[in-house]
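The next block holds one structure in the form of structure tokens; read it before the comments.
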Amino acid sequence: MTTSHYIAGRWVEGQGSDCISVNDPALGQPFAELMAASVAQVDQAVTAARGALPAWKNTSASERAAYLRGFAEQLGQRREALIALQMRNNGKPRHEAEIDLDDAIATFGYYAELAEQLPSKNRDVPLAAPGFSARTRLEPVGVVGLIVPWNFPLVTSAWKLAPALAAGCTVVLKPSEVTPLIEQAYGQIADALGLPPGVLNIVNGKAETGAALSNHNGLDKLSFTGSNSVGSQVMRSASAQCRPVTLELGGKSAIVVFDDCDVGQAVEWIVAGITWNAGQMCSATSRLLVQDGIADALLPRLQVALEQLRVGNPLTEEVEMGPLTSQAQWLKVAGYFATAREEGLQCLAGGKALDRDGWFVSPTLYADVPKDSRLWTEEIFGPVLCARRFATEGQAIAEANDSRFGLVATVCSADLERAERVADALEVGHVWINSVQAVFVETSWGGTKGSGIGRELGPWGLSAYQSVKHVTRCLG
Ligand code: NAD
């Protein structure tokens, strides 16, 4: 893997001042480093994207679809390398790294299909008024900046890149400094496919590079996935220039378990919802609401399941959960363990960092957590589950909705009518019923309230990179 930046169809060395260490979190040690892009290089990338736009937006939809299919195919050809890199740099267990790769492949395939349907979307609009005709044109938004986090690097970038390219936009992608090598694959694939220079640019770097991109006045739109604190800075930059922004931010999602559930099945769903990717998911269901009638049976089994989870180095051990991906994240989660002790929370499992090299913590369960606890209200981004009990359906809905976030929720119940009713009442962007974290490219992704603005995936993900134009003609 090359360790630099892809600008105007060329690989270039970083000229910024930050040196980025790429770490193996299971050992807590670096295995590569690269220099960040400078502010001037970000400018070159935006200029290249601007220069490439007129030709790219006028390519036929089927030509763009062919490139997208090429991305899907080439990702498949790089399968083993990309799985190994995600395991090493993210600390993902193998099966999770495989799911991520398959998700990225499916995303490019799906948007290739939507690209092919684009010509049929430009159609006449029937008017009630006589004497006029009107037609719709869906045009690309233009040059877009894409800033992404480290927890699902292949996937989050694919969810932005594929629809943006399908729509006819040109892009500058800024991966996270925690995982700067993984998305280099997209640049290599662009090279291999002969994608016109400047259509896809990749600049790596930390906050300075991200800010240089989000403040750049050569962008027509910015799509950001990451934390709420950085998201609000990105939104400020967008508002200063009055330009659109998509924000995919944090979550503190509920999993609601009714007392008609099979206990063993519910435990499986709960554990998966908080330990996949070591809990580093915006969509982690980190608030467990369990009905009184099942709580006493469920909590002890949940405790055992979490304690028995195989935690270790995905590269050398058969594991179900790897380390946290960065030292910063490990320190943050350890800080929440300290807060839990200060708040006197009842810890049923975990609650500590593991005594071994690397950035490991044990899967953790706190019971009967007060509603005003920081652990109940704040996004932790680790395998830390907080539980509360509820008596009635109404109480469960009220508690689940009592959050400044609104990304996802899971509802577990044998009564499907009730499950559907509760799903409809939850103030979130996506609800799973009797399943966990299943994301399909045809459905939408994104949240309400503090979890963001806009939607990715599905046709909504494509619309995010399109501008609607109407042409109205007087027939007289
Ligand atoms: P982060 O906000 O720290 O960083 C995200 C990206 O922004 C990185 O590329 C970073 O370099 C860049 N950045 C940092 N400072 C910047 C600045 N001032 N201006 C512009 N860019 C800047 O987030 P993270 O720690 O990488 O990721 C974790 C967060 O992402 C969590 O809050 C999680 O919930 C959220 N997330 C949300 C979704 C979603 O779909 N809603 C998906 C994944 C992650």
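This is a predicted model, so every value here is computed, not measured. Excluded from the calculations below are hydrogen atoms, water molecules and symmetry mates; all remaining heavy atoms, backbone and side chain alike, are included. Just so you know, ligand 1 is whichever comes first in the structure, and atom 1 is the first atom listed for that ligand. The residues of the chain are indexed from 1 along the displayed sequence.
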Practice task
Look at atom 4 (O) of ligand 1 and say whether a protein heavy atom is found at less than 4.0 angstrom from it.
Solution key: no
Problem - Short N-O contact, R287 and D402, less than 4.0 angstrom - result: no
Handout entry: Note, E456 side chain near T225 side chain (heavy atom, < 4.5 Å)
Key = yes
Exercise for the section: Determine whether P149 and F224 make a side-chain contact, defined as any pair of heavy atoms from C-beta on separated by less than 4.5 Å. Expected result: no
Exercise for the section: Measure from NZ or CZ of R455 to the centre of the six-membered ring of W445, then state whether that distance is under 6.0 Å and the direction lies within 45° of the axis. Expected result: no
Practice task
Show which atoms of ligand 1 fall inside a sub-4.0 Å distance from at least one heavy-atom site of S176.
Solution key: 9 (O)
Practice task
Taking only Lys NZ, Arg NE, NH1 and NH2, and the carboxylate oxygens of Asp or Glu, determine whether R94 and E98 approach each other closer than 4.0 Å.
Solution key: yes
Problem - Region of Q233 engaging ligand 1 - heavy atom pairs below 4.0 Å - result: side chain
Completion exercise
protein heavy-atom neighbour closest to atom 2 (O) of ligand 1 works out as S227 OG, 2.6 Å
Practice task
May I ask you to check whether S237 and N215 show a side-chain donor-acceptor distance below 3.5 Å?
Solution key: yes
Problem - Distance from atom 15 (N) of ligand 1 to nearest protein heavy atom, with residue and atom - result: A207 CB, 3.3 Å
Fill in the blank from the handout: In this structure, atom 36 (N) of ligand 1 is nearest to the protein heavy atom C282 CB, 3.6 Å
Problem - Six-ring centre of Y6, R10 cation under 6.0 angstrom, axis tolerance 45° - result: no
Completion exercise
Nearest non-hydrogen protein atom to atom 20 (C) of ligand 1, with distance, is G210 C, 3.1 Å
Handout entry: Within reach of ligand 1, part of E379 (heavy-atom separation under 4.0 Å)
Key = side chain
Problem - Protein residue, atom and distance nearest to atom 27 (O) of ligand 1, heavy-atom basis - result: P149 CB, 3.2 Å
Handout entry: Nearest neighbour in protein (non-hydrogen) for atom 12 (C) of ligand 1
Key = I147 CG2, 3.8 Å
Handout entry: Electrostatic pair E317-R310, nearest N-O below 4.0 angstrom
Key = no
Fill in the blank from the handout: ligand 1 atoms nearer than 4.0 angstrom to some heavy atom of N151 are 43 (C), 44 (C)
Problem - Heavy atom of S229, distance to ligand 1 below 4.0 Å - result: no
Practice task
Using non-hydrogen atoms of the residue, decide whether W445 is closer than 4.0 angstrom to ligand 1.
Solution key: yes
Handout entry: Side-chain donor-acceptor pair present, S467, E139, cut-off under 3.5 Å
Key = no
Practice task
Compute the minimum heavy-atom distance from G452 to ligand 1 and say whether it is under 4.0 Å.
Solution key: no
Handout entry: Test: R88 cationic atom under 6.0 Å from F31 six-membered ring centre, within 45° of axis
Key = yes
Exercise for the section: Kindly confirm or rule out an N or O of W150 lying under 3.5 angstrom from an N or O of ligand 1. Expected result: yes
Fill in the blank from the handout: Closest to atom 37 (C) of ligand 1 among protein heavy atoms sits L249 O, 3.0 Å
Exercise for the section: Using a 4.0 Å heavy-atom threshold (strictly under), name the region of F152 that reaches ligand 1: side chain, backbone, both or neither. Expected result: neither
Problem - F381 N/O under 3.5 Å from ligand 1 N/O - result: no
Problem - Polar contact flag, side-chain donor to acceptor under 3.5 angstrom, N228-S232 - result: no
Problem - Test of ring centre spacing under 6.0 Å for F108 and Y186 - result: yes
Practice task
Using distance alone, with no hydrogens and no angle criterion, decide if K221 and T246 have a side-chain donor and acceptor under 3.5 Å apart.
Solution key: yes
Exercise for the section: Could you check which of V230, V148, N228 puts a non-hydrogen atom nearest to atom 6 (C) of ligand 1? Expected result: V148
Problem - Distance filter under 4.0 Å to P175 heavy atoms, resulting ligand 1 atoms - result: 9 (O)
Problem - For atom 35 (C) of ligand 1, the protein heavy atom that lies nearest, with its residue and separation - result: G226 O, 3.2 Å
Problem - Contact with ligand 1 for W159, non-hydrogen, under 4.0 angstrom - result: no
